[in-house]
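This report refers to the structure that appears directly beneath it.
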Number of protein chains: 2
Amino acid sequence: MGYTYQYPRPSVTVDCVVFGLDLAAEDLKVLLIQRKKDPFAGLWAFPGGFVEEDETLEESAKRELQEETGISRLYLEQLYTFGDPGRDPRGHTVTVAYYALVKLSDHTPKAADDAKAVDWFSVSKPPKLAFDHAKILKMALARLRAKVRYQPIGFELLPAKFTLSQLQRLYEIVLERPLDKRNFRKKILGMGLLIDLEETQKDVAHRAAQLYRFDEERYRGLVAEGFNFEI
Amino acid sequence: MGYTYQYPRPSVTVDCVVFGLDLAAEDLKVLLIQRKKDPFAGLWAFPGGFVEEDETLEESAKRELQEETGISRLYLEQLYTFGDPGRDPRGHTVTVAYYALVKLSDHTPKAADDAKAVDWFSVSKPPKLAFDHAKILKMALARLRAKVRYQPIGFELLPAKFTLSQLQRLYEIVLERPLDKRNFRKKILGMGLLIDLEETQKDVAHRAAQLYRFDEERYRGLVAEGFNFEI
DNA sequence: GCGACTTGGTGTATAGTTTACACTTATGTC
DNA sequence: GACATAAGTGTAAACTATACACCAAGTCGC
């Protein structure tokens with residue numbers, strides 16, 4: 001039993017580069033799964049798998065993520081498609097890579113799901129990766145760093161309620177450079193995209209900061225008028 | 001005779017959205033091929049075709065372009081991968097779309113190659129397109145418009161030797177808005193990326209303009225130092 | 001040969017944006 | 001209540017972007 005075609009076809013897979021922000025450790029993390037089988041048994045790889053009949057690429061990416069890591073709510077965007085004939089030793093495989101942003105607090109430990117080891121790693125010192133996943137990670141990071149500056153996707157990495165300092169730290173971690181506190185606040189508040197929740201942090205050993213949330217509706221309205229987000 | 005696999009596999013194709021700039025008509029053009037066979041016989045589509053064994057996606061795109069239109073020297077960049085199950089009535093087909101920029105002067109008439117009709121169309125009023133190619137064109141245009149502002153890819157659309165007015169017109173056509181002549185010249189010359197060829201236009205019925213070429217080497221050098229091109 | 005036509009080429013002043021920079025306030029801990 | 005920690009706040013200077021109009025050079029037609 002099998003599926004027969006007149007011409008050879010490459011396999012088609014999806015891979016998800018899932019980023020999470022660890023505010024406590026001030027570090028950007030990536031979610032990886034340890035491979036149990038060859039090729040590359042023991043190495044780490046992005047969650048992903050074969051595209052099935054009658055599903056879109058994005059559905060496929062979401063399904064694989066759900067199956068392998070339990071993650072469901074996330075920001076997902078297509079990154080790039082990798083199709084070099086030698087990238088999978090089992091045969092020509094084209095993979096459509098996605099990158100995803102999740103609120104780390106919603107998906108914290110998440111180790112050992114269905115017998116597979118799943119863990120978060122610092123993007124700056126990942127373990128040895130299977131296939132061409134190191135190259136994919138590099139591209140995903142470059143995309144995230146570029147995109148975070150002109151699209152308000154950073155909020156996807158923060159809890160729904162956040163302080164201005166947390167938001168600033170997010171940008172500092174992703175962009176790997178310090179930002180001036182007063183200028184940052186002036187700029188971000190000036191956009192009018194943050195809603196002051198009139199609520200402050202609890203249980204912090206210093207002056208409690210004001211909490212905000214991102215005003216997505218207003219962002220959509222402003223974009224329609226030609227507004228450009230920029231950090 | 002055929003190729004048999006344990007699980008079903010979608011077909012994998014590449015499609016190329018080739019842009020050319022018609023300075024005489026002040027119009028951005030896209031290269032299309034008229035389909036002879038069903039599905040969508042008679043409609044127009046991007047050059048493209050099936051990815052073969054042992055070729056990279058980019059090689060595949062270049063090969064198809066060469067075969068179907070004779071175009072070889074061009075700027076080529078991956079755009080997006082489209083894989084909705086219903087996009088090809090013959091069955092699940094994943095297409096990796098590329099967009100390409102060519103110097104129209106190098107590939108002018110190009111109609112009727114191997115019995116297939118090939119022609120340039122204005123991007124603003126294309127003919128009826130096959131498959132989901134209207135959606136792909138829309139995305140390619142959006143990408144071109146975004147990218148032309150922060151990467152010096154516009155030069156790929158101009159002849160090697162060009163005038164500042166031609167360069168300005170290119171941006172006006174692609175971005176669909178007028179630019180101030182003095183400000184444009186100040187900005188573009190200020191980047192130091194143009195080499196004054198100390199040569200002027202010939203055979204024009206008015207004062208002949210200075211010719212320039214793009215200094216690609218210097219651009220690479222500046223990028224390495226952290227320079228950002230921006231119009 | 002000269003006037004009309006077409007496009008090339010040039011500078012400055014103003015408004016807006018970005019950057020650099022340091023102290024006071026609020027809260028919990030010891 | 002002194003200390004530690006992070007929150008919160010304004011201004012001046014440098015730089016960048018924008019708006020704007022005329023003369024120069026060459027061809028065409030008479």
So does [Y] get a backbone contact from the side chain of [X], meaning a donor-acceptor N/O pair under 3.5 Å?
{"X": "B:Arg218", "Y": "B:Gly192", "answer": "yes"}
{"X": "A:Gln201", "Y": "A:Ala209", "answer": "yes"}
{"X": "B:Gln210", "Y": "B:Glu199", "answer": "yes"}

Once you round it to whole Å, what is the distance between [atom2] of [N] and [atom1] of [X]?
{"X": "A:Leu189", "N": "D:dA7", "atom1": "CG", "atom2": "P", "value": "14 Å"}
{"X": "B:Ile231", "N": "D:dT18", "atom1": "CD1", "atom2": "P", "value": "12 Å"}
{"X": "A:Leu211", "N": "D:dA6", "atom1": "CG", "atom2": "C1'", "value": "14 Å"}
{"X": "B:Asp180", "N": "D:dT16", "atom1": "CG", "atom2": "C1'", "value": "14 Å"}
{"X": "A:Ile188", "N": "D:dT9", "atom1": "CD1", "atom2": "C1'", "value": "17 Å"}
{"X": "A:Arg185", "N": "D:dG10", "atom1": "CZ", "atom2": "P", "value": "12 Å"}
{"X": "A:Glu199", "N": "D:dA7", "atom1": "CD", "atom2": "C1'", "value": "17 Å"}

Worksheet item: Is any N or O donor-acceptor pair between the side chain of B:Lys187 and the base of D:dA17 shorter than 3.5 Å?
Response: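 No pair found.
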Practice prompt. Give a yes/no on whether any side-chain N or O of A:Ser165 is located under 4.0 angstrom from OP1 or OP2 of D:dA6.
Written response: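 For A:Ser165, the contact criterion (side-chain N or O under 4.0 Å from OP1 or OP2 of D:dA6) is not met.
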Worksheet item: Please walk me through it: do B:Tyr99 and B:Lys147 pass side chain to side chain contact (heavy atoms under 4.5 Å, CB included)?
Response: CA-CA 12 Å; B:Tyr99 74 100; B:Lys147 195 124 188 178; 3.5 Å; yes
Worksheet item: Hey, do the aromatic rings of A:Phe162 and A:Phe155 have their centres closer than 6.0 Å?
Response: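 Ring centroids of A:Phe162 and A:Phe155 are less than 6.0 Å from each other.
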Item to complete: Flag the pair A:Tyr80 / A:Phe82 as yes when their ring centroid distance falls below 6.0 Å, and as no otherwise.
Response: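 A:Tyr80 vs A:Phe82: aromatic centres under 6.0 Å.
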Worksheet item: On DNA chain D, nearest-nucleotide positions of B:Glu230 versus B:Arg182: which is more 5'?
Response: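 Its nearest nucleotide being more 5', the pick is B:Glu230.
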Worksheet item: Strictly by modelled atom types, are B:Ser122 and B:Ser124 linked by a side-chain donor-acceptor pair under 3.5 Å?
Response: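 Yes.
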Practice prompt. Could you check which residues of residues 202-210 of chain A get a heavy atom under 4.0 Å from DNA chain C? Sort them by number, please.
Written response: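 When residues 202-210 of chain A is checked for heavy atoms under 4.0 Å from DNA chain C, the hits, listed by number, are A:Val204, A:Ala205, A:His206, A:Arg207, A:Ala208.
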Worksheet entry | Residues A:Thr95, A:Ile136; criterion side chain to side chain contact (heavy atoms under 4.5 Å, CB included); working and verdict | CA-CA 10 Å; A:Thr95 196; A:Ile136 296 177; 4.3 Å; yes
Hey, what are the protein-to-nucleotides 11-14 of chain D N/O distances that come in under 3.5 Å?
residue	atom	partner	partner atom	Å
D:dT11	O4	A:Lys186	NZ	3.0

Worksheet item: Using the ring of each side chain (for Trp, its six-membered ring), is B:Phe229 parallel, tilted or perpendicular to B:Tyr219, with breaks at 30° and 60°?
Response: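 Correct class here is perpendicular.
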Item to complete: Describe, in one word, how the ring planes of B:Tyr150 and A:Tyr150 are oriented to each other, choosing from parallel (under 30°), tilted (30 to 60°) and perpendicular (over 60°).
Response: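 Tilted, since the angle between the ring planes falls between 30° and 60°.
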Worksheet item: Step by step, would you call A:Leu158 with A:Leu23 a side chain to side chain contact (heavy atoms under 4.5 Å, CB included)?
Response: CA-CA 9 Å; A:Leu158 288 179; A:Leu23 278 171; 3.9 Å; yes
Worksheet item: Reading DNA chain C 5' to 3', which nucleotide is the first, and which the last, to come under 4.0 Å of any heavy atom in chain B?
Response: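 Counting from the 5' end, contacts occupy C:dT6 to C:dT12.
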